[in-house]
Structures are given as structure tokens and as C-alpha cells.
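Scroll down for the structure; my scribbles are underneath it.
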Amino acid sequence: MSTRTLRVATALALAGGLTAAPALAGVVPDPIQHTADDAAFTLEPVGSYETGVFDASAAEIVAWYAAGERTLVVNAQTGTVDVLDASDPTDPVKVSEISATGVAAADRSTVPDGTVANSVAVRADGLAVVALEAPEKTDDGWLLVVDVRQEEPVVLGAYRVGALPDMVTLTPRGDRALVANEGEPADDYSVDPEGTISVVTLPKQLTERGRSAQHGARAITQSRVATADFHAFEGDALPEGVRVFGGRKDAGTGIPELPVSENLEPEYVTVSDNGRTAWVTLQEANALAVVDVRSATVTDLLPLGTVDRMEVPFDASDKDDEINLATWPVQGFRLPDAIDSWTVRGTTYLVTANEGDARDYAGYSEEARVEDLGEDGLPAICKAVAEDAGWTVEELQKEENLGRLNITTAQGLDEEQGCYSELYTYGSRGFSIFDGAGNLVFDSGSQFEEIIAEAVPDWFNSNHSETNVEGRSDDKGPEPEGVVVGKVDGRTYAFIGLERIGGVMVYDVTDPVDASFVTYVNNRDFSVSVEDAGDIAAALARAGDLGAEGLVFVPASESPTGNPLVIVGNEVSGTTTYFEVTAR
């Protein structure tokens, strides 16, 4: 097969006798619905495509191709992108899959077997881009370009981009793709590539169906790739509050010439309405990078601050046998994963899903539990930390109090006293809204845990692979990960996916400084604990959605039903689920 032709498997004739997974309804009998009294709408799960694959990332990032009424779904388990016919969202059907193996790239490399698809985006005319991670994640990856207008898509080629391209998005005009090259280290920290953002000029609009592959391929040259790096922020140029830690120096494997550039790891990208500015989450650094798109230059780094848990309560223990939203002497780094943006009267606003993420590798780990401080060579907690909050250190470290909470050892140590004068944990268990300059205008505080406590008290802070109560209270709680913004009847809403307990939180963000809760929906049957089941396949078929990862909003004008849709890829259950906006 030519390297210019997509290796594609259709639902009717898949290579090697492989059969397509059946399209199942996938909606549980009694989805969780918790809605504000004054809500304009609810979200209703109407259908789901099930891969039947448990806990192997068989459905992650999703994209919507309106003209073809198709959903593109990253299937990391197979290293491909599944193409679903969603002309009937109640019964989505897999029609093909995209694989890059053997494709000749613009830099004369060949995409090898074992490449992993991480992200996908699609232009209105049917030109899709796929971020591909190399088999060795510290090697440079690729950006695959595909024409998805045909029943069997056609690969146009691939660009070489940076190490571990984790997310790709398009400018509003679709003339450029921006790729967040995360640059994670090897597990032993023998290698730690620089984090970068690739800005790729794409082929022009696909207007000639019969000649799209030929014309598109000619436009794919490596010279169209520009790279935004962090070299300008080395040394004293690094803004205060940007976390730089845990690199090869801390791991004892080498002294990098560019420690900041190696340390910063781009995660997720959003672009302004005019396509000139991008904001990129640097999750572990607790910061945003501001990128001038035209020049492919990082112009600023914006620290995102913390949530003071003496002011904002949360449930800190999985061993206290109750829902206990309380205040504790802890700061929560926001550490956002996904980000989206919208404009209000000329001002761009950014919404972040504050998941929290730790560096935890064989060569270096920042993780510890509060109860372990003062043990096994770890410094203790300074007495003032506990006493100022009305506790003793011993009381604070009990499992039913703060002892079980995961915190970082990388910040908060008072070198002179030899103890931790501040405790920092991962994520804020909610979402935040910033303006384009990084000023905080809204934070959801403890609302997510409060809402979940009302909606599903018996399964509060449950994990995803198994059903439990408070299984994630000692870590990141509901763990918001994905977010997308969309308009319904002239108002703007943020749809936030919760990775652990699952489901989607919806907030009205029309007034960014006064966002308000609308509804929470979760297509999950908590009576089924898949990880604990004897028959995993049978349990998975009943469990519903587990591990919300990527979301896409489909406006009414592009929806097959005429009503807005929210499509969610769920990495643990391997399901892609369609939710319809339903007026109340």
C-alpha cells in the first residue's frame, strides 16, 4: 500500500478478519442528573459507541466533522483514530480508522509501527490533524494530515514536530495547527527533552475532492513548521511563581544547559478568536504560556497561583468514614490540564480545568503523604503550620484528618528550619476563569465537591475503574480534566469533564466574573464496579461512562438533531457518549 494512502479499515471490510465493535446504546437506565432550579436546560445522554475495551484509553480526545456528521476519536489502545458515523447520535457506528504507520513525513522520516495517537482536530472543510507520539516518547513526534471527506479518508502526509506531541488545536480560520509538545522525561530521567509548541502552516482549503490528496501533499513541507520554545525564560528571566523543579539535576542524571526549557511541559492549547494569540497550559509548572502565533514566540509566562484551603473547604481523607468538607492548612496548586477561551466585549477569557498532576517517575518523584513527613528521611512539618490552624502536628497527621492527603515535597520546605512551613497539594478540584493577562476573575472553590455530595452522596469522590466512596478524597477529588466552551440560545457555557467520578459539570459563564452552576450529568451506573467484577466485559457493558477525558461542543447549527450536543470520550470505559442539550 502506498505511503500516500491511508491504511484504513472500514466497518464492512476490516483487514485480517477484524470486525468492528458493535454500536450499542450505552446509556445507563438511570443517569445521574442534578440541576439548578433556574437552569435553562439539562444535558441528556442519548447514545454511546462502546469499544468494549476497559482501562486502556480506547476513547480519549474527540473532534466533530460537521459536514460528514462524523466524530473522530483518539484510540490510544490501538494507536489510531476511530471514525464514527454519528448522523444518528443515538446509534453511532464506527466506519473507519486512521493509522499513520508507514507514512512518509516531510522531513524524510517514516512514521513507524508503535506510534501513539494523542490528539485530533478537524477543519470545517474536512482536513484533520492528528498528534502522534513516537514509540520512544522522548523522540520527536509527528503531526499527521488527513482528508476525512471521503468514506475512506486519505492521508496527505506528516510534519515532524517536538517530543511527545500531546494536544493539537486549530486557529479559528484553520490556517495553522498548534501542537503542545509536552517533552516528558524518560522514566529514569536519562533524557528530558525540551517542551515546545509547534506552529504549523497547513494546506489551504480542500475544495477539489478528486485532487485533494495530490494538492494537499505538495503543501506539506517541513519548512511550514515553526517552533516556539522557552529559551528566553532561562535563569533570572523566569517569572516568580512558575514551578521549575524535578529535572535531570534533581534526579541526579545530569546538569541541563537549559533547565527551564527542559522542565516546562506544554499540555493544552487554546487560541484567541482572531487567531493571533494562544495560551498553553504548563500543568506541572502551574502556569500558562502566552504565544504569539504569527511569530511562533512565547511572549510571557503567567503563574496561576493557589487555592487557600484554610478559606476553601475540601474533603482531604479517604479514611474518615464520612463526607467532610473542612478547612485545612494547605495550599492547592491549580495545575490545569485542559483550557478553552471565549471573548466578551473585546476581552478574551480563559477557563481552566484544574486537574492537578505530579511528577512521579522512577528517577524522581515529588509525591508524599502528609502522614509520612518526618519519616523515612523526609523533613517534618513545622509546628507553626499545625498550631496556627488549631492543631498539633500529631493530630494533623492522623489518617482521618490530613494524614492521607498527597502533597508535593518540591515546594514549601523551610531550608533554615529544616521543616515544611507550607503544604501544597495537587489541583483545586474545580475550575477557574482568568483574563488573557492571567488575572483570576472567578474560581469555583468547593462547589464541585458540594454538588457531588448532594447528587451522589453514596459514591462521593468515587474512583473510575472501581466504584467506591471517598476513593479519591486523599488525592484530587473529582479531578476535573477536560473543558469546552459553547453557546446555547445566546448564552455562553463551560462544560467540564470529571475524570474520576465521571460526568459533566455545566456552568453559565456568560458573565465571567459571576459564573453559575447549571447542571451535572453522569451516565454511570455506580452499582457496577468493573475492576472488582468477575466478568469484566459484562460489567463494562453495564457500567456506563468511566474516566471522562476529552469533550467537544457541537452547536445547534452543526448538530444532526438540531439541538446542541456535547460529545465525551471516556478513557477507562472506552466509550464515546453523546449528550443533547434539552430545554426545560
Side-chain angles (χ1 to χ4, degrees), residues 32-37 305-336 352-356 369-371 381 385-386 388-391 395-408 422-433 440 442-464 467-481 496-507 515-522 524 526:
I32 304 300
Q33 291 276 6
H34 189 75
T35 303
D37 292 339
T306 61
V307 172
D308 185 350
R309 291 302 187 176
M310 284 298 289
E311 301 291 335
V312 180
F314 73 122
D315 193 308
S317 177
D318 60 342
K319 300 293 185 182
D320 57 3
D321 298 324
E322 62 177 340
I323 298 173
N324 179 26
L325 298 181
T327 56
W328 299 99
V330 179
Q331 297 288 327
F333 283 122
R334 288 187 168 88
L335 306 174
T352 59
N354 301 331
E355 176 195 25
R369 292 190 189 272
V370 171
E371 65 185 351
I381 302 171
V385 172
D388 289 350
W391 302 87
E395 290 171 334
L396 201 65
Q397 289 186 288
K398 289 183 178 180
E399 287 193 337
E400 64 269 26
N401 293 328
L402 205 61
R404 292 283 296 169
L405 185 70
N406 279 309
I407 54 99
T408 178
E422 293 276 4
L423 300 177
Y424 293 94
T425 191
Y426 307 104
S428 73
R429 308 191 181 196
F431 75 98
S432 301
I433 299 175
L440 180 69
F442 177 85
D443 192 276
S444 63
S446 58
Q447 291 180 25
F448 279 15
E449 283 190 301
E450 292 169 359
I451 292 165
I452 290 167
E454 292 182 10
V456 281
D458 292 339
W459 312 116
F460 176 78
N461 280 352
S462 176
N463 207 343
H464 44 33
T467 296
N468 51 35
V469 59
E470 291 208 282
R472 297 295 293 178
S473 288
D474 58 326
D475 205 336
K476 306 167 196 172
E479 203 163 322
E481 176 157 353
I496 305 112
L498 307 184
E499 182 178 5
R500 293 293 172 163
I501 196 167
V504 180
M505 288 277 185
V506 184
Y507 274 69
S516 58
F517 171 68
V518 176
T519 189
Y520 170 61
V521 58
N522 194 348
R524 179 175 180 180
F526 283 95

Less than 4.5 Å apart, any side-chain heavy atom of P478 and any of R429?
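SC-SC contact between P478 and R429 confirmed.
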Below 4.5 Å, heavy atoms only, C-beta onward: do N354 and V307 meet side chain to side chain?
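No. Closest side-chain heavy atoms not under 4.5 Å.
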Is there a donor-acceptor pair under 3.5 Å between the side chain of [X] and the backbone N or O of [Y]?
X    : Y    : value
N463 : N468 : no
K476 : G356 : yes
S317 : E399 : yes
Q397 : V370 : yes
Y426 : I407 : yes
S444 : F431 : yes

Compare every heavy atom of [Y] with every heavy atom of [X], then report the nearest pair and how far apart it is.
X    : Y    : value
I496 : Y507 : CD1-CD1, 4.3 Å
V469 : P457 : CG2-O, 4.3 Å
L440 : F442 : CD1-O, 3.3 Å
D443 : S432 : OD2-OG, 2.5 Å
R524 : R500 : NH1-O, 3.5 Å

Could you state the interatomic distance from [atom1] ([X]) to [atom2] ([Y]), rounded to the nearest 0.5 Å?
X    : Y    : atom1 : atom2 : answer
R472 : H464 : CZ    : NE2   : 7.0 Å
E449 : I501 : CD    : CD1   : 9.5 Å
S446 : R309 : OG    : CZ    : 7.5 Å
L402 : T425 : CG    : OG1   : 8.5 Å
N522 : H34  : CG    : NE2   : 13.0 Å
D475 : R369 : CG    : CZ    : 7.5 Å

Step-by-step side chain to side chain contact (heavy atoms under 4.5 Å, CB included) determination, E355 to E479:
CA-CA 5 Å; E355 176 195 25; E479 203 163 322; 3.2 Å; yes
Compute the centroid of each ring, for Y520 and then for F448, and state whether the two points are separated by less than 6.0 Å.
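Centroid distance Y520-F448: not below 6.0 Å, so no.
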With salt bridge (Lys or Arg N to Asp or Glu O under 4.0 Å) as the test, pick out the partner of R404 among D474, D315, D320.
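Checked D474, D315, D320 against R404; only one passes salt bridge (Lys or Arg N to Asp or Glu O under 4.0 Å): D474.
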Please lay out, stage by stage, how F333 and T408 fare under the test side chain to side chain contact (heavy atoms under 4.5 Å, CB included).
CA-CA 10 Å; F333 283 122; T408 178; 4.2 Å; yes
Worked check of side chain to side chain contact (heavy atoms under 4.5 Å, CB included) between D458 and F526:
CA-CA 9 Å; D458 292 339; F526 283 95; over 6 Å; no
Will you find, in the side chains of R334 and T352, an N or O donor that is under 3.5 Å from an N or O acceptor?
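No, no side-chain donor-acceptor pair sits under 3.5 Å.
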Is atom CG of D321 surrounded by more than 12 heavy atoms (other residues, nucleotides or ligands) closer than 6.0 Å?
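No - once you tally the heavy atoms of other residues, nucleotides and ligands closer than 6.0 Å, there are 12 at most.
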Identify all side-chain donor-acceptor contacts of residues 323-331 below 3.5 Å with residues at least two apart in sequence or on another chain.
| from | atom 1 | to | atom 2 | distance (Å) |
| --- | --- | --- | --- | --- |
| Q331 | OE1 | T306 | OG1 | 2.7 |
| Q331 | NE2 | D308 | OD1 | 3.4 |

